[in-house]
Structure formats: structure tokens, C-alpha cells
Amino acid sequence: MTAEPQPATTSPGTVRTGPALSRVADTEQPGKVAPPPRTPGFRGSRPWGFVRALRPRQWVKNVLVLAAPLAAGEVFNPDVMGPTAVAFVLFSLAASGVYLVNDSIDVEEDRRHPRKRFRPIAAGLVPRSAAVAIAVVLFAGTLTAGVLLTRPALAWVLASYVVIQLAYCTFLKNEPVIDLAVVASGFLLRGIAGGVAAGLVLSQWFLLVAAFGSLFMVAGKRYSELIVVGDAGATRKTLREYSASYLRFVWSLSAAVALSAYCLWAFEMSETQDGVPWATFSIAPFVLAILRYARDVDKGAAGAPEEIVMHDRVLLILGALWALTVALGVFSG
């Protein structure tokens, strides 16, 4: 008669090794959460994990470096386009360094999140020490390249971005209101980087639109997270300090200021041009795009701004119309 197989047990003198040991240790220690199961195939491999940890999908945000050259009508000037392209690459690498540090610090919180737990560092694909080392190399390389390849002013913008974002990763993200301003500053500094790299004078209207437009997107993202996850189950501590009504207030206020500043810029530009007032016409798609984006956020998508934009065809069309009317206004002047 064959005996029934018994579950494996470990005697007190037995030492467990390998992935099972770390998983048991994570679940037995208070405050620790086990990483999710590794995805089979190449997508679950360590090399691909290092690539994903850099978050190349987030680099689309750095297209904002083109905003200042576009607004100045110099985007096709070779002397401007070269430094702007360098600014795009350097900002992408600096941002990847910040993501590595942030994910290394937030590894336990990310493992409690339904989506963030699959990030390479939280999933155990990328060691935290290796992520921090790569981040240090990226920071040093981007600052040095900013001085050598463009202008020292770009290096100062990059340094400001890195310092502010590292402060956010370590303690500012737990400060209500300040966390919104810090995240918004990342978008603003991207817009400034394109201008300083090319040596362009930045318009006051451009800075206002960039600043409050960024705050609008950040407040909208926090609102969407609050609606979907809820303050009780949120891994982001500041969500417990916000109410939906407060975030709606910040959201509405920042949108109003951004729209007002944009309209003033458009009217001012139209006064200096002959013929069709394309800059004034650009107000319509700009306002509709803001309203469409707000509708997407209000649905509780809880996605990053670039994800919302890329998944909404109507919003993409409005963005294209806006870019076209702005380009016609700038280059016909």
C-alpha cells in the first residue's frame, strides 16, 4: 500500500535558501510584504527589469522641452533645435535616475499597491543597491553633459530638478500641498529647460501657463487616485490629508489661472500679427482639451497624464489642432 505524500516540513536545523527564503522572511517580518510572482519569459528577466526600472515610457513627458522654442517660433532653427534635443535626452536620463531612487525608497509601499508592486525594484528584479548606483551615474553624467554640450544654465535647471525631486522622494512627498507643488515643478522645469538650453528668453505668460497647467494635471491625478483607491487603502500618505472637494478646488483654481494666462498670451500675440489671428483661434482647442482631460480624470482613471492623453483619441485630435493653430500663429507673424 502506497503512503499518502506528506507536505514538506522544515526542521529547526534546516536552513532554507533561494527565493523561498526571502519570500518567507518578507512575510514573517512585521511591515514587510512579499514581492509578486515573477513574470515568466523575457518580460520577467533581470535585463528587461533594468530597462523597465528606467521608465522609458515616462520620457514622453520631456517633450515639454519643445514648448519654449515652439512658443518663440524658433523650434526649426538648427541653433535652437540641437540644444533642445540635448535637453530632452538629459532630462530623460535625469528623470530615470529619480525614478530609480524613488522606487528604491518606496519598495515596501509599492508592494502594497495593486499596480506598483510589479515595478522591477518592488518585484525583486532589480537590487536596490544597483538602482541607486545607476542613479548616481546618471545624475553625474547629465549635469556634466549639460555644461559641456549646451549651456551651464541647463545644468542648473537639471540640478534643481534632481535636488527637488530627491527631497520629494525622501520627505516632501508626505507634506500636503507641498507635494503637489513639487510634482508640478517637475513639469515646469522641463518647459524651462528647453528655453535655457537654447538661450531663449522665456515669456511670463509661458511660465504661468506651464506652472498652473502642471498643477492642474497633478491635482487631477491625485483626485483620480483618491476616487479609485480611497484614502483608507492608499499607499500615498498625503491622500489621507486631502478630500475630494479640496482637490477639486485646486484643480479648478489652477485650470482657471492657466486658461486666463493662455488667453492673455494669445491675444497679445495676435496684436503683433497681420492676417488671420491664429493664436486667438488656438484658444478654442486649448480650452476643449482642458475640459476633455478634466472629464477623463473625473471618471477616476488614476493614470499618469501621458497615459490619459495617449488613450483618448479626441484629446489627441484636440492637441493636434491646438499645436497646428499655435504653429500657424507663431510662424506667420
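Numbers here are sequence positions counted from 1.
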Exercise for the section: Would you kindly confirm whether Leu100 and Val163 end up in one hydrophobic cluster when ILVMFWY residues are joined by side chain heavy atoms under 4.5 Å apart? Expected result: no
Practice task
Of all the heavy-atom pairs spanning Ala94 and Thr142, show the shortest one and how long it is.
Solution key: N-CG2, 3.8 Å
Completion exercise
Nearest heavy-atom approach of Met269 to Ala71 is CE-O, 4.0 Å
Handout entry: Shared hydrophobic cluster, Trp251 / Leu253 (ILVMFWY, side-chain heavy atoms < 4.5 Å)
Key = yes
Exercise for the section: Evaluate side-chain contact (heavy atoms from CB on, under 4.5 Å) for Ile290 paired with Phe216, printing each intermediate quantity in order. Expected result: CA-CA 9 Å; Ile290 292 289; Phe216 163 73; 4.0 Å; yes
Practice task
Evaluate the side-chain proximity of Leu70 to Val330: yes if any heavy-atom separation is below 4.5 Å, no if none is.
Solution key: no
Practice task
May I ask you to test the Arg55-Asn102 pair for a side-chain heavy-atom distance under 4.5 Å?
Solution key: yes
Exercise for the section: Following the transitive rule for hydrophobic clusters with a side-chain heavy-atom cut-off under 4.5 Å over Ile, Leu, Val, Met, Phe, Trp and Tyr, establish whether Ile283 and Leu321 coincide in one cluster. Expected result: no
Problem - Pair Ser245-Phe249, side-chain contact (heavy atoms from CB on, under 4.5 Å): steps then yes or no - result: CA-CA 6 Å; Ser245 60; Phe249 165 73; over 6 Å; no
Problem - Aromatic ring proximity Tyr242/Tyr223, centre distance under 6.0 Å - result: no
Exercise for the section: Kindly indicate whether the side chain of Leu172, heavy atoms from C-beta on, has any atom under 4.5 Å from the side chain of Asp179. Expected result: no
Handout entry: From Lys116 atom NZ to Arg111 atom CZ, the distance as rounded to the nearest 0.5 Å
Key = 15.0 Å
Handout entry: Sidechain N-carboxylate O distance under 4.0 Å for Asp106, Arg119
Key = no
Practice task
Start with the C-alpha gap between Leu93 and Phe139, add the side-chain angles, then the distance that decides, and say whether side-chain contact (heavy atoms from CB on, under 4.5 Å) holds.
Solution key: CA-CA 8 Å; Leu93 296 177; Phe139 294 150; over 6 Å; no
Fill in the blank from the handout: Residues at least two apart in sequence or cross-chain that pass side chain to side chain contact (heavy atoms under 4.5 Å, CB included) with Val157, listed by chain then number, are Phe91, Leu189, Ile192, Ala193, Val196
Exercise for the section: Work out which heavy atom in Ala155 is nearest to a heavy atom in Gly146; give both atom names and the distance. Expected result: CB-C, 4.4 Å
Completion exercise
Rounded to the nearest 0.5 angstrom, the CG-CZ distance for Leu316 and Arg292 is 10.0 Å
Problem - Phe206, CZ atom: more than 12 neighbouring heavy atoms under 6.0 Å - result: yes
Fill in the blank from the handout: CD of Glu268 to CH2 of Trp205, rounded to nearest 0.5 Å, is 7.0 Å
Practice task
Flag the pair Leu125 / Arg52 as yes when at least one side-chain heavy-atom distance between them is below 4.5 Å, and no otherwise.
Solution key: yes
Practice task
Compare all side-chain heavy atoms of Arg190 with those of Tyr161 and state whether any distance is below 4.5 angstrom.
Solution key: yes
Handout entry: Within-4.5 Å side-chain heavy-atom neighbours: Leu54 and Tyr99
Key = no
Handout entry: Side chain proximity check, Val182 to Gln165, heavy atoms < 4.5 angstrom
Key = yes
Completion exercise
Closest non-hydrogen atoms of Arg46 and Gly124, given as atom of the first, atom of the second and distance, are NH2-O, 3.8 Å
Problem - Sole candidate of Thr150, Leu66, Val75 that passes side chain to side chain contact (heavy atoms under 4.5 Å, CB included) when paired with Thr84 - result: Leu66
Handout entry: Heavy-atom closest pair, residues Ser185 and Ile164
Key = OG-CG2, 3.8 Å
Practice task
Look at the side-chain heavy atoms of Ile, Leu, Val, Met, Phe, Trp and Tyr, link any pair under 4.5 Å apart, and say whether Leu264 and Val287 land in one connected group.
Solution key: yes
Practice task
State plainly whether the residues Asp312 and Arg295 are in salt-bridge range, i.e. N to O under 4.0 Å.
Solution key: yes
Exercise for the section: Check whether any side-chain heavy atom of Ile134 sits under 4.5 Å from a side-chain heavy atom of Phe50, and report yes or no. Expected result: yes
Handout entry: From Leu208 atom CG to Leu188 atom CG, the distance as rounded to the nearest 0.5 Å
Key = 10.0 Å
Handout entry: Side-chain donor-acceptor pair present, Trp59, Ser96, cut-off under 3.5 Å
Key = yes
Completion exercise
On a heavy-atom basis, the closest approach of Ala184 and Ser214 is O-CB, 3.4 Å
Exercise for the section: Anything under 30° is parallel, anything over 60° is perpendicular, the rest tilted; go ahead and classify Tyr262 against Phe286. Expected result: parallel
Problem - Verdict with reasoning, Arg222 to Val183, per side-chain contact (heavy atoms from CB on, under 4.5 Å) - result: CA-CA 11 Å; Arg222 290 291 185 272; Val183 177; 3.7 Å; yes
Exercise for the section: Walk me through it: do Asp298 and Arg248 pass the test salt bridge (Lys or Arg N to Asp or Glu O under 4.0 Å)? Expected result: CA-CA 9 Å; Asp298 194 49; Arg248 278 185 171 274; 2.4 Å; yes
Problem - Within one Ile-Leu-Val-Met-Phe-Trp-Tyr cluster: Ile121 and Val132, side-chain cutoff 4.5 Å - result: no
